[in-house]
Structures are given as C-alpha cells and as structure tokens.
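The structure appears right after this line, and notes come after that.
Note that the structure is predicted; figures quoted are calculated from it, not measured. Chain identifiers are assigned alphabetically (A, B, ...) following the order of the sequence lines, protein sequences preceding nucleic acid strands; residue numbering begins at 1 within each chain.
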Amino acid sequence: GAGVSQSPRYKVAKRGQDVALRCDPISGHVSLFWYQQALGQGPEFLTYFQNEAQLDKSGLPSDRFFAERPEGSVSTLKIQRTQQEDSAVYLCASSSVFSREVYGYTFGSGTRLTVV
Amino acid sequence: ILNVEQSPQSLHVQEGDSTNFTCSFPSSNFYALHWYRWETAKSPEALFVMTLNGDEKKKGRISATLNTKEGYSYLYIKGSQPEDSATYLCAFRNNAGNMLTFGGGTRLMVKP
C-alpha cells in the first residue's frame, strides 16, 4: 500500500482481556518499529524488527507484551491480560535503509487502546 | 536513558504570527535529529531529518536549525496558519542503532 496501515483504529478492552494490534508496513520496508504514546507524552519505543528478526525488545514494559513479524512484512503486537495503564496510542513505523536516512520513518495512524 | 526535551509544551498564536520551539537532546553519540508534525487522528508526518551540525532545512514556511555540539534544534514557522495547528515532535537517533527517542512534543494551536 501507499502508507503504513494499522488496525483496528480504536479498541476498547475490558481489563484482563487479550488484544492484538496489527501493522501493515510499506511493501519492501525491512525495518519496523512499535511505539507507545500515553496521553500528554511523546511516543516511547517498544520494539524493533529487521525483516522477521526482532533485534530490540528492550522497550516492552512487561512480559504481557509480545510482538511478532513472522514473514518479515505484517507485524502483530499482542498484549495479554490488559491493564488500565496499557491505555495508549500504539504507533507502528516502517522504513527502508535509504528512506530513513533521507525522509525519516513512515508512521501509521495508530491504534488507540482504551482498557476499562 | 536518553533525555529529549521540547519546549514549550503548548503554544497558542494568532494567524499570521511567526513562532518557534525548541528541542534539546544529548550532545554525545549524535546520529540524526528528526522533526515530525502530528495532526489529531492522522499519522505523524516527517518534516526534516537533520544530521550535520549547523544544518538548516526549509519546507515552505517551516524551517529548522541544528546544533549538535550543544544539543539543540529549533523549529520555526513563519506566518502561522490555522492548518499548522498540530503537535510537533522531535526525535533523536544516536549512533548505536535505528531507534528514535522522542520528546514530549509541542502542541501548537493557531487561531484564525
């Protein structure tokens, strides 16, 4: 597609429910990032993939958070047993080696997760 | 932990005013400084990628400068328009990897 696509746009989950957030990066972009943006703050890094390899997961806040990108394209961020503090906008970004040096990263519109 | 700070947090200006905001970042291990513009319910849009000390970039009425030695960047908007209303984010990338560390953003509101 022309841009990074994220789904769903909005998700309301009951506390304790599992959720899965999807990211479709730009075709051919090898790098894929997940960020979490809490209200009133800047996006915070969660995890990074290069193709199917998860090279950095240092930002995942707990073992309830899990991300995968099995075929090096679509990625899923899964949150198990959601808690209220997980409420945030989850942003996905992708880039090629060339594009990030010149144009920066291309972001999706995000998934707004509200845990009630 | 990398500290990236933006000021002010929010700014209200009248249409036609020129404005500027600041991003401060670590001055060591610098690789690049990114600026993004984020309108509500849309994707953050890349404005500039800056890499060289003294760099100045321009896109229409928006320009940015970079000082890597002292660790700051300024974003300027000349003759603000209501459509410039958005959150402006800066993000620092060091030479250790591809990850961006974002500031908290400056929320700009331009009144007609």
Among Arg107(B), Gln6(B), Gln9(B), Met99(B), which residue has the highest count of heavy-atom pairs closer than 4.5 Å to chain A? Met99(B)

How about Ser43(B) and Val4(A): do any of their side-chain heavy atoms sit closer than 4.5 Å? no

Qualifying residue for side chain to side chain contact (heavy atoms under 4.5 Å, CB included) with Leu100(B), from Tyr35(A), Phe33(A), Phe45(A): Tyr35(A)

To check you understand the geometry: which heavy-atom pair defines the closest contact between Tyr105(A) and Ala46(B), and what is its length? O-CB, 4.4 Å

More than 12 heavy atoms of other residues, nucleotides or ligands under 6.0 Å from CD of Gln14(B): is that the case? yes

What residues of residues 58-67 of chain A sit under 4.5 Å from chain B when you count only heavy atoms? none

Gln37(A) versus chain B, heavy atoms under 4.5 Å apart: side chain, backbone, both or neither? side chain

What part of Tyr31(B) gets closer than 4.5 Å to chain A, counting heavy atoms only: side chain, backbone, both or neither? side chain

Nearest heavy-atom contact between Pro43(A) and Gly103(B) is CD-O, 4.5 Å

Would a hydrophobic clustering, with Ile, Leu, Val, Met, Phe, Trp and Tyr connected at side-chain separations under 4.5 Å, put Val115(A) with Leu21(A)? yes

Heavy-atom distances under 4.5 Å only: say whether Ala41(B) touches chain A with side chain, backbone, both or neither. both

Identify the residues of residues 53-89 of chain B whose heavy atoms come closer than 4.5 Å to a heavy atom of chain A, ordered by number, or report 'none'. Leu89(B)

Is there a continuous path of hydrophobic side-chain contacts, each under 4.5 Å between heavy atoms, that joins Phe21(B) to Phe48(B)? yes

Arg9(A) versus chain B, heavy atoms under 4.5 Å apart: side chain, backbone, both or neither? side chain

Do Leu108(B) and Trp35(B) belong to the same hydrophobic cluster, where Ile, Leu, Val, Met, Phe, Trp and Tyr are linked whenever their side-chain heavy atoms lie under 4.5 Å apart, directly or via other members? yes

Between Tyr36(B) and Leu47(B), is there a shared hydrophobic cluster once you connect ILVMFWY residues whose side-chain heavy atoms come closer than 4.5 Å? no

Close side-chain approach of Leu91(A) and Phe102(B), heavy atoms under 4.5 Å: no

Under 4.5 Å from a heavy atom of chain A, the part of Trp38(B) involved: side chain

Kindly work out whether a path of hydrophobic side-chain contacts (I/L/V/M/F/W/Y, heavy atoms less than 4.5 Å apart) joins Phe92(B) to Val49(B). no

